[in-house]
K.L.:
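Could you have a look at this structure, given as structure tokens, before my questions?
What you are looking at is a predicted structure, and each value in this text was computed from that prediction instead of being measured. In what follows, chains are A, B, ... by sequence order, proteins preceding strands, each numbered from 1.
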Amino acid sequence: MAHIAETHANHPGPRLYITIAVILALLTGIEVGAFFLELSSWIVVWILLLLTLTKFMVVVFFFMHLRMDDNRFALLFFAPMVIMVALVIALLALFQNITR
Amino acid sequence: MWAFLGSDVLFFGTLIATHLVYRGQSVSGPTEGILDIPVTSLSTFVLLMSSLAMVLALSGLQRGKMGEARFWLAATALLGSVFVGFQMYEFAEFANEGLTPRTNLFGSTFLIMTGFHGTHVVIGIFWLWSLFFSTFNGKIHQGNSLEVEIAGLYWHFVDIVWIVIFGVVYLVGAYGAEEHVHEATHSAAAIFGLG
Amino acid sequence: MAANTSILRRPLAPTGIWAWMTTVDHKRIGILYGVTAFFFFMLGGMEALIMRAQLASAESTLVSAATFNALFTMHGTTMVFMVVMPSGAAFFNFLVPLMIGARDVAFPRLNAFSYWLFLFGAILMNFSFFMNAFPDMGWFGYAPLTSNEFSISNSTDYWVLGLLVMGIGTTAAGFNFVVTILNMRAPGMTLMRMPVFVWMTLIVAFLIIFAFPPLTIALTFLLFDRFFDTNFFVDIGAGSDPLLWQHLFWIFGHPEVYILILPAMGIVSDVLPTFTRKPLFGYTMVVFAGVVIGFLGFGVWVHHMFVTGLGPWANAAFAATTMAIAVPTGVKIFNWLATLYGGSIIFKTPMLFALGFLSMFMLGGLSGVMHAVTAVDSQQSDTYFIVAHFHYVLFGGAIFGLTSGIYYWFPKISGKMLSEPIGKLHFWLMFIGFNLTFMPMHILGVIGMPRRIYTYAEDMGFEPLNQIVSGGSLIIALAIVVFTFNIARSVRQGEPAGDNPWGAPTLEWSIPSPPHHYNFPVIPTVRSQYPLWDENANVVLPPALPAHNEPIMPDPSYWPIMLAFAITMVAGGLIIWQGHAIAGLTVISSMGLLGMRSIFGWVLEPMEDEAHVSAHH
């Protein structure tokens, strides 16, 4: 099983990870802040969804190291995501419940 | 592990999808209004920091710093336990306020979904403690850091599932929650009026 | 720490029950799957024969309606989950490492674990027969029939838990094969040089790991509804929608039918070249079509729900996707036909069944395309027309294809040839019996015979055709008897097979029949899709290694069977808990502890042997 090479030449150090963690905390803070704001609900919903997606991607690519790993792993992970998102949209449409 | 996580994406995705599909359809009982956003924000922050700890543990191990690795592995497990503690507190509160899996659709879908997530976290905590103890008897060391990396992938995955649940189910779900209670009765009547 | 292993670790050579129970050798696991699947084929076949006996005459009272419900439920569940899927698994297990030039799969103990979960889950479900709780709610268990209100006995619980247990095993096998195929191919074997069967296995493995979670969730929701009074499907007053079950089940169910058919398609794609003495026409297109089918398979599930009143938009959208999925399937059929064209066809039994597959699957596909047209499906739904369709694709397709594979690879697995004359008899009996049984069902469907009825009135005009159908089923039974005889006889007295009795081109034919436990004396370097036909890229291996030079293979292990047993008993404990709380909890907790112990034992078991295996790649 030698597919995950241990030669991380450009392996990020602790400092980068802490920076990322701070960014994640900030994004969460913005999310929570947006929640308590009195903006139009559509704007808030989209902000929340976008922030969620950003946090998701940051963790996947940096903490889970996907950016620097073999492309096959990205396939194994993102193919089901595509299927899942399509399924969720289809199910919501079928149950006529898109009015979030 | 990536293959497993891909599969787990569909597992949690289906749970989230079911929750979304049933959103607003509960005929009675508490719904999103019962969610306590400030408390959950705190537990979310804790879980995010546990991912940081996980990554620091791996980094320490890869550089051969056993002390660092052990410290951060334990930290990850402890932070994870704090998260689980928050979840159990939240569930107990909900039960007091009349929300259980039997109460209504919201109860069933929300509690089973977060319940499965919590179970995944607990399994992860067991796994982390096993790794922690294995650093003492030589079973885990710099040469086989892959074992910790794989556990890390699992742990981060559990974290990102929570990111999605927190964003979509808690925040989006509870935003303007009062309105949805009124909508619920109308939609339910409409859908079942058609049989 | 693992228990002292000196008593329980053994080399692979000895036989005996304990060796088989602790084996982690993919070849033995493949044989276990195959034999078990064959047994359940008999069982499912009996269930069918009783149904046909009942339906042969109008207003028959041979079996009661309740019994009939159990028969069609278990016939379907058995054939899908305990016959066709494990038969595919048998082939994957035995062949994939041989075809890619590997010594075993990526996770040998996980492999064993998958098999034991299959066996124990199947036993759990069938055990219900002795508890008078044989599943009777249809193989797809629609809500709210499966709720506590309408399904009072434990039949649904056995069904749900049996499927959950088997499902864990299947999903684990999916992971195993994805990793094996992506990581353990011999040097030089690029993805586009793999036998088509390996490609189909890869796609099926992906389908499994992505389609089983929705089923797991649906079953879990149902379990919670029944055990803990939650509201996922059953309480209309609380807003639940029983249709949600159908959606979740078919989101699994449709990819599942591709899981059922793709292995057979892979087998045929490898059989045809051997018996036409020319390469498969359009390898790339066949592979690509398979990938597209796998992907699109997730987008058509609503075609099982056209008559549930979802509205014109939903119906139209899914009718379109369903018609679209016929395209890659058609591509494959044309490629197979083109392979035949201009070849020197050898009409041996594997080829006969492959040709049978082609023709019968095509007929089933045509009726399938008819169903894709929503308006037409409204008439066909829940009639025998649908029954005809899926039997043509599953029996005429999957079973014929798998049988072709059995005749083709039996020599490799056992070292003996199956008898040609008996094989031909088997084929013709099967072909005639199959068509006599299922062709009239199209007509029965069109003249109005509904599915799942246990009898029908005299004046409906169904009787004559039903008699032909039932007569045909007896011929099928006879064919199976002939087949069983062929196997039993050949295992003892069959002609010795040699390495490559068919003159086939792929890697598994370069080693002895049956293979050494280490498969390849030397891992070959591959330079072509058809290594044994390619003079420039030919693979010739030494016949065997001296004993002291044999590669170290993974040792047998008892943790997989123990963990599988623990998991199954936890499931059984849940059922006990419903009736006797304390007894149930005792079983669940003790078996849970055994399970945890097994996991630790398994993980901590020394893996040095595995490292030797991966070092080759």
Side-chain angles (χ1 to χ4, degrees), chain A residues 1 4 6 8 11-14 17-18 20-22 24-25 27-29 31-32 34-36 41 44-45 48-53 55-60 62-66 69-70 72-81 83-85 87-92 94-97 99-100, chain B residues 1-10 12-14 16-18 20-25 37-38 41 44-45 48-49 51-56 58-60 62-63 68 143 145-146 149-150 152-153 155-157 159-160 163-164 166-168 170-176 179 183 187 190-191:
Chain A
M1 257 76 63
I4 301 181
E6 288 289 51
H8 292 304
H11 190 83
Y17 287 137
I18 297 182
I20 293 176
V22 169
L24 285 170
L27 288 176
T28 311
E31 276 186 329
V32 177
F35 179 80
F36 285 111
S41 68
V44 173
V45 168
L48 290 172
L49 290 177
L50 249 109
L51 286 175
T52 299
L53 185 64
K55 281 173 25 181
F56 184 95
M57 289 301 188
V58 165
V59 173
V60 169
F62 287 100
F63 281 178
M64 293 167 87
H65 217 248
L66 196 54
D69 281 339
D70 201 297
R72 285 189 274 199
F73 299 134
L75 177 73
L76 278 173
F77 192 68
F78 285 111
M81 295 250 41
I83 296 177
M84 199 57 245
V85 170
L87 276 179
V88 171
I89 295 177
L91 280 173
L92 283 175
L94 284 164
F95 280 83
Q96 290 158 345
N97 207 0
T99 50
R100 296 189 212 128
Chain B
M1 177 52 68
W2 280 108
F4 173 77
L5 296 181
S7 182
D8 230 8
V9 162
L10 274 133
F12 279 107
T14 311
I16 297 176
T18 304
L20 290 177
V21 159
Y22 271 156
R23 197 156 158 279
Q25 313 286 25
I37 302 297
S41 307
T44 305
F45 176 74
L48 277 176
M49 291 305 113
S51 261
L52 172 66
M54 184 74 225
V55 139
L56 290 173
L58 177 64
S59 168
Q62 284 170 329
R63 286 174 286 120
E68 253 185 64
S145 64
L146 181 62
E149 186 169 354
I150 291 181
L153 289 179
W155 188 260
H156 297 309
F157 177 76
D159 186 16
I160 60 183
I163 290 176
V164 174
F166 181 63
V168 173
Y170 279 81
L171 294 178
V172 174
Y175 192 73
E179 317 160 41
E183 276 176 0
S187 332
I191 293 215

K.L.:
As an exercise: rank B:I160, B:D8, B:T44, B:D159 by heavy-atom pairs under 4.5 Å with chain A and give me the winner.
P.N.:
B:I160
K.L.:
Measuring heavy-atom distances to chain B, does A:L51 have an atom under 4.5 Å in its side chain, in its backbone, in both, or in neither?
P.N.:
neither
K.L.:
Taking every non-hydrogen pair under 4.5 Å, which of A:V59, A:V85, A:I83 racks up the most with chain B?
P.N.:
A:V59
K.L.:
Which bit of A:L48 comes within less than 4.5 Å of chain B, counting heavy atoms only: side chain, backbone, both or neither?
P.N.:
side chain
K.L.:
Could you walk me through whether B:F166 and A:V32 pass the side chain to side chain contact (heavy atoms under 4.5 Å, CB included) check?
P.N.:
CA-CA 10 Å; B:F166 181 63; A:V32 177; 4.1 Å; yes
K.L.:
So A:F78 and A:V60, side chain to side chain contact (heavy atoms under 4.5 Å, CB included) or not? Walk me through it.
P.N.:
CA-CA 11 Å; A:F78 285 111; A:V60 169; 4.2 Å; yes
K.L.:
Is the shortest heavy-atom distance from the side chain of A:F77 to the side chain of B:L5 under 4.5 Å?
P.N.:
yes
K.L.:
Less than 4.5 Å to any heavy atom of chain A: does that hold for the side chain of B:L10, its backbone, both, or neither?
P.N.:
both
K.L.:
For chain A, which of B:V168, B:L48, B:T18 has the most heavy-atom pairs under 4.5 Å?
P.N.:
B:L48
K.L.:
Could you walk me through whether B:L20 and A:L92 satisfy the side chain to side chain contact (heavy atoms under 4.5 Å, CB included) test, starting with their C-alpha distance in whole Å, then the side-chain angles of each, then the deciding distance to 0.1 Å, before giving a yes or no?
P.N.:
CA-CA 7 Å; B:L20 290 177; A:L92 283 175; 3.9 Å; yes
K.L.:
For A:F56, is the CZ atom crowded, meaning more than 12 foreign heavy atoms sit under 6.0 Å from it?
P.N.:
yes
K.L.:
What part of B:F157 gets within 4.5 angstrom of chain A, counting heavy atoms only: side chain, backbone, both, or neither?
P.N.:
both
K.L.:
Do B:Q62 and B:E149 touch side chain to side chain, with heavy atoms closer than 4.5 Å?
P.N.:
yes
